[in-house]
Amino acid sequence: MHWQTARHTIDLQRPRVMGIVNVTPDSFSDGGRHAGVAQALAHCESLLGQGADILDIGGESTRPGAATLSAEEELARVLPVLRGAVTLGVPVSVDTSEPAVMREALALGVDIVNDVRALRRPGALEAVAAHPRAGVCLMHMKGEPATMVSEAVYGDVVAEVHAFLAQCVQRIADAGIARERIAIDPGIGFAKTAEHNLALLSRQRELLDLGLPLLVGWSRKGTLGLLTGRPAGDRVAASVAAALAAVHRGASVVRVHDVAATVDALKVWRAAETGRLDGATLAKNAHIG
Ligand code: HH2
């Protein structure tokens, strides 16, 4: 399986790590940490050094109750960072729902549009369809971040997320976007209780029959706080465990803050799956073992 994006075809034979770069003053776990352009680009380089395969850059916080942002403000936050990030040699994704941001980002060479609203804002579908190859991640959410806590009501959450994603995929395939450009995401923490999130993890394999790469974002989220009793900044082990559990159930891409820890864990997980150590890794690390 692979994921076609604007400049890169991402091989998904092995699970990929998407490193999060929030250029926001108010994200739930790292708001304000990388708000300046120089800090954000330094953070991008640091994540690449830790082994990130993809950089996901976003200017709007989607935490429950977050304030909405104008397109102009969002453009001013993310464009300078995207302009630098596209020179770093890896696929770059923009985390946005705003069509004007999508158009400007794709014009800069950005590879993927990661939209928590699954291209439902007027003009978003057209912005991605106008590009011949750009990748897109379609995520499940009910309502809007401002209201979503009260929308966490489902009969069978896995069946409803499955049906929603199937419908979104159909809509964007009808607009001429090739399936090889599409990844899907169950939207952990978006209009979902801890029970809903955990049902989506334990039964995640049910989403695989859509035949598309699965991207998931468990990193530092509230359900991990409920499970461990730890605050957002102290959920590295919990986040790594959730990422591994997701990969073990077929996720192709994990969206994470703590790249180094996730990359190490995935190396061990893969070695356990394949029962071997590849030659390049052995040569690189032989002096340590
Ligand atoms: N989660 C967040 C933001 N974007 N995109 C996808 N595809 N999947 C996710 O699960 C996802 C996402 C929320 O996390 P974060 O970026 O850390 O926080 P904030 O929205 O407060 O910036």
Side-chain angles (χ1 to χ4, degrees), residues 3 5 16-35 40 43-44 47 52 54-69 73-74 77-78 81 91-98 101-102 111-120 124 128 135-142 144-146 148-149 161 164-165 168-169 182-192 196-198 200-201 204 207 212-225 231-233 235-236 238-239 242-243 246 251-259 262:
W3 189 7
T5 75
R16 298 289 167 173
V17 174
M18 172 183 261
I20 302 172
V21 182
N22 281 324
V23 198
T24 53
D26 56 350
S27 285
F28 79 95
S29 82
D30 58 356
R33 297 261 313 271
H34 320 296
H43 189 57
C44 289
L47 296 184
I54 304 168
L55 294 171
D56 185 42
I57 297 169
E60 183 198 24
S61 174
T62 48
R63 75 186 154 76
T68 49
L69 197 67
E73 284 171 305
E74 194 181 338
R77 278 187 196 172
V78 294
V81 181
V92 174
S93 128
V94 61
D95 187 344
T96 189
S97 297
E98 181 49 51
V101 176
M102 294 176 189
D111 298 279
I112 298 162
V113 170
N114 170 28
D115 184 2
V116 299
R117 295 178 183 81
L119 305 185
R120 285 180 293 159
V128 176
V136 57
C137 178
L138 302 173
M139 198 196 79
H140 174 271
M141 168 167 60
K142 261 209 287 203
E144 280 289 310
M148 65 187 177
V149 175
V161 167
F164 171 93
L165 291 173
C168 287
V169 169
I182 308 171
I184 52 173
D185 182 335
I188 299 306
F190 287 84
K192 293 169 191 92
H196 297 139
N197 293 324
L198 293 170
L200 284 162
L201 180 56
Q204 187 187 272
L207 301 175
L212 293 167
L214 203 63
L215 188 156
V216 283
W218 273 89
S219 191
R220 302 185 185 173
K221 285 192 177 160
T223 300
L224 303 178
R235 296 179 189 158
V236 180
S239 301
S252 296
V253 183
V254 285
R255 181 182 180 276
V256 308
H257 298 88
D258 303 293
V259 169
T262 310

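Indexing begins at 1, ligand by ligand and atom by atom, following the structure's order.
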message: So for ligand 1, is Asn114 a polar contact partner (N or O within less than 3.5 Å, distance only)?
response: yes

- prompt: Hey, is ligand 1 close enough to Thr24 that some N/O pair sits below 3.5 Å?
  reply: no

field: Per-residue contact class, Asn22 against ligand 1 - non-hydrogen pairs under 4.0 Å
entry: side chain

message: Could you walk me through whether Ile112 and Val92 satisfy the side chain to side chain contact (heavy atoms under 4.5 Å, CB included) test, starting with their C-alpha distance in whole Å, then the side-chain angles of each, then the deciding distance to 0.1 Å, before giving a yes or no?
response: CA-CA 6 Å; Ile112 298 162; Val92 174; over 6 Å; no

query: Any idea which atoms of ligand 1 are less than 4.0 Å away from a heavy-atom of His257?
result: 17 (O)

Minimum heavy-atom distance Val216-Ala246, with the two atoms named: CG2-CB, 3.5 Å

message: Can you tell me if Trp218 contacts ligand 1 (heavy atom of the residue under 4.0 Å from the ligand)?
response: no

message: Set out, in order, the CA-CA distance, both residues' side-chain angles and the distance that settles salt bridge (Lys or Arg N to Asp or Glu O under 4.0 Å) for Glu98 and Arg77, then state yes or no.
response: CA-CA 13 Å; Glu98 181 49 51; Arg77 278 187 196 172; over 6 Å; no

task: Flag Asp95 as yes when one of its N or O atoms lies below 3.5 Å from any N or O atom of ligand 1, and as no otherwise.
output: yes

task: Considering the heavy atoms of Met139, write down every atom of ligand 1 situated less than 4.0 Å from one of them.
output: 6 (C), 8 (N), 9 (C)

message: Using a 4.0 Å cutoff against the non-hydrogen atoms of Arg63, which atoms of ligand 1 qualify?
response: 20 (O), 21 (O)

- prompt: Do Asn197 and Thr223 have side-chain atoms, one donor and one acceptor, less than 3.5 Å apart?
  reply: yes

message: Using side chain to side chain contact (heavy atoms under 4.5 Å, CB included), reason through Met18 and Ser93 one step at a time and then give a plain yes or no.
response: CA-CA 9 Å; Met18 172 183 261; Ser93 128; 3.7 Å; yes

Proximity to ligand 1 by part of Val116, non-hydrogen separation under 4.0 Å: side chain

message: Holding to side chain to side chain contact (heavy atoms under 4.5 Å, CB included), I want the full list of residues that pass it with Val236, two or more places apart in sequence or in another chain.
response: Val240, Asp258, Ala261

task: Quick one: list whatever passes side-chain hydrogen bond (donor to acceptor under 3.5 Å, both in side chains) with Asp185, sequence neighbours left out.
output: none

